[in-house]
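Order of the sequence lines sets the chain letters (A, B, ...), proteins ahead of strands, with each chain counted from 1. Keep in mind that the numbers below use all heavy atoms, side chains included, and drop hydrogens, waters and symmetry copies.
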Amino acid sequence: MGGAGSVAIPAQSLLALAAILFCVGLYGALTKRNLIIVLVSIELMLNAVNINLVAFSRLGVAPNLNGQVFALFTITVAAAEIAVGLALLLAVFRLRKTSEVKDLDLHKW
Amino acid sequence: MLGLAWTPPMIAFLVISLLILVCAIMAISFRKVIYMALAIGGVFLGCAAVYILLGAEFVGAAQILIYAGAITILIMFAIMLTNHEAEEPPAAWSVRNIAAAVGCVLLGVTLYAVIRSQSWPHGAAGADVNQGQSNPVAVGLALFQHYTVPFELVSLLLIVALVGAVILAQERKEDE
């Protein structure tokens with residue numbers, strides 16, 4: 001714990017955890033039918049990336065705080081993204097009375 | 001699992017990653033949308049635990065406040081305001097689902113092969129990322145000394161996003 005010294009957790013394990021989490025999120029984003037769950041799956045993928053950023057902030061060749069600062073910026077942008085996404089979802093639901101991806105085919109040709 | 005050192009941080013990491021993966025699998029396999037949103041809260045809390053385990057206490061606290069607190073509640077609100085009885089159909093073996101599953105498994109296997117084939121750094125033993133201060137102080141100094149302009153830009157982005165969200169979500173007269 002703390003900021004000093006090396007960590008007993010190997011980088012491979014952290015990277016593998018993030019890779020699995022990313023793939024689960026990708027599968028959810030590609031197959032789920034409810035728009036909210038698609039947004040949630042994208043959040044899963046963003047979290048996987050954040051794990052990598054924080055891991056390399058600590059376990060990189062030259063450990064420094066840049067990874068943690070980047071993770072903070074990612075969290076902020078993700079919060080903005082989900083706020084706008086859910087507002088769009090509410091607007092779509094009010095117009096078309098549906099929150100399913102397959103019904104949002106207005107621009108399909 | 002064979003070459004691992006069974007130190008307390010490693011055991012904690014294994015328990016936390018098991019929790020994260022179980023919650024993630026549950027989040028995309030439940031059929032009721034509201035249960036999915038609850039399971040995703042578990043993933044966010046698990047990620048916060050990983051950050052704290054890695055010594056990034058401030059990022060962990062921000063993760064709990066923003067993700068597990070705000071975003072999960074926002075998702076719950078969106079579910080309640082739209083079709084809150086929504087259910088996913090039972091998993092069907094359609095072409096799209098199989099193609100997505102095969103693609104994701106292939107991506108996962110490729111990533112894992114790359115991860116295994118490289119030798120990764122383990123952090124410098126003498127390095128202190130916080131330069132002797134506590135983690136929030138060090139993050140604050142880094143934010144305001146090296147990342148001042150991105151920090152201000154991100155605050156601008158938050159304002160624009162929140163105002164935009166309010167304008168998008170408000171009722172309009174011509175819709176009626």
Side-chain angles (χ1 to χ4, degrees), chain A residues 1-9 11-13 15-17 19-21 23-24 26-28 30-34 36-37 40-41 43-44 47 50-51 54-55 57-61 63-65 68-69 71-73 75-77 79-80 82-84 86-91 93-95 99, chain B residues 5 7 9-10 13 17 20-21 24 28 33 36 40 43 47 50-51 54-56 59 62-63 66 71 74-75 78-79 81-83 86 88 97 100-101 104 107-108 111-112 115 120-125 127-130 135 138-139 142-143 147 150 154 157-158 161-162 164-165 168-169 175:
Chain A
M1 301 295 284
S6 60
V7 189
I9 306 168
Q12 278 100 331
S13 312
L15 293 178
L17 169 68
I20 298 172
L21 197 58
C23 290
V24 170
L26 186 62
Y27 177 77
L30 287 178
T31 59
K32 291 294 149 184
R33 295 172 56 176
N34 194 307
I36 300 176
I37 301 307
V40 161
S41 304
E43 293 299 313
L44 274 185
N47 260 297
N50 272 347
I51 289 181
V54 175
S57 149
R58 190 64 194 279
L59 298 170
V61 179
N64 54 38
L65 277 178
Q68 294 183 24
V69 175
L72 282 175
F73 283 139
I75 289 176
T76 322
V77 174
I82 198 102
V84 173
L86 291 176
L88 280 173
L89 175 85
L90 285 185
F93 185 78
R94 201 176 298 126
L95 278 177
S99 58
Chain B
T7 54
M10 195 62 216
F13 171 73
S17 45
I20 291 177
L21 293 180
I28 65 161
V33 172
M36 294 174 161
I40 213 80
V43 178
C47 288
V50 170
Y51 301 154
L54 283 171
V59 182
Q63 166 91 4
I66 296 174
I71 289 183
L74 207 58
I75 290 168
I79 291 172
L81 285 173
T82 58
N83 187 9
E88 288 284 322
N97 281 9
C104 290
L107 176 66
L111 284 175
Y112 188 69
I115 290 167
W120 298 96
H122 285 268
D128 183 1
V129 292
N130 298 326
N135 181 255
V139 170
L143 265 182
Y147 292 97
V154 109
L157 174 81
L158 268 185
L162 292 183
L168 281 173
D175 291 350

Between B/I40 and A/E43, is a side-chain contact (heavy atoms from CB on, under 4.5 Å) present by the stated rule, with each step listed?
CA-CA 9 Å; B/I40 213 80; A/E43 293 299 313; 5.8 Å; no
Does one side chain, of B/Q63 or A/N50, offer a donor that lies under 3.5 Å from an acceptor on the other?
no
Quick one: what part of A/V69 sits under 4.5 Å from any heavy atom of chain B, side chain, backbone, both or neither?
side chain
Side chain A/R58, main chain A/Q68, donor-acceptor under 3.5 Å
no
Per-residue contact mode, B/N97 against chain A (heavy atom under 4.5 angstrom):
both
Per-residue contact mode, B/L74 against chain A (heavy atom under 4.5 angstrom):
both
Quick check on A/N47 against chain B: is it the side chain, the backbone, both or neither that has a heavy atom closer than 4.5 Å?
both
Which one, A/I20, A/I75, A/V24, leads in non-hydrogen pairs under 4.5 Å with chain B?
A/I75
A/I36 versus chain B, the contacting section by heavy-atom distance below 4.5 Å:
side chain
Got a second to check how far A/I37's CD1 is from B/I28's CD1, nearest 0.5 Å?
10.5 Å
Are more than 12 heavy atoms, taken from residues, nucleotides or ligands other than B/Y112, located less than 6.0 Å from that residue's OH atom?
no
When the 4.5 angstrom heavy-atom criterion is applied to B/I66 and chain A, the contacting part is side chain
Nearest heavy-atom neighbours spanning A/F93 and B/L81
CE2-O, 4.0 Å
With only heavy atoms counted, which part of B/V139 is less than 4.5 Å from chain A, the side chain, the backbone, both or neither?
both
Heavy-atom distance under 4.5 Å to chain B: side chain of A/I51, backbone, both or neither?
both
To the nearest 0.5 Å, how far apart are CG in A/N34 and CD1 in B/I79?
7.0 Å
Contact leader toward chain B among A/L30, A/N64, A/L15, A/V84, where contacts are heavy-atom pairs under 4.5 Å:
A/L15
Which heavy-atom pair separates B/L143 from A/F73 by the least distance, and what is that distance?
CD2-CZ, 3.8 Å
Looking only at A/T31, A/L26, A/L90, most heavy-atom pairs under 4.5 Å shared with chain B are made by A/T31
Evaluate B/N135 against A/L65 for side-chain contact (heavy atoms from CB on, under 4.5 Å), listing each step before the verdict.
CA-CA 9 Å; B/N135 181 255; A/L65 277 178; 4.2 Å; yes
Determine the option with the most heavy-atom pairs under 4.5 angstrom with chain A, choosing from B/S17, B/C104, B/A24, B/A62.
B/C104
On a heavy-atom basis, the closest approach of A/A83 and B/L162 is CB-CD2, 4.2 Å
Using non-hydrogen atoms only, which part of B/T7 is less than 4.5 Å away from chain A: side chain, backbone, both, or neither?
side chain
Measure B/L111 against the heavy atoms of chain A and call it side chain, backbone, both or neither at under 4.5 Å.
side chain
What part of B/I75 is in contact with chain A, defined as an atom under 4.5 angstrom from a non-hydrogen atom: side chain, backbone, both or neither?
both
Portion of A/L86 that has a non-hydrogen atom of chain B nearer than 4.5 angstrom
side chain
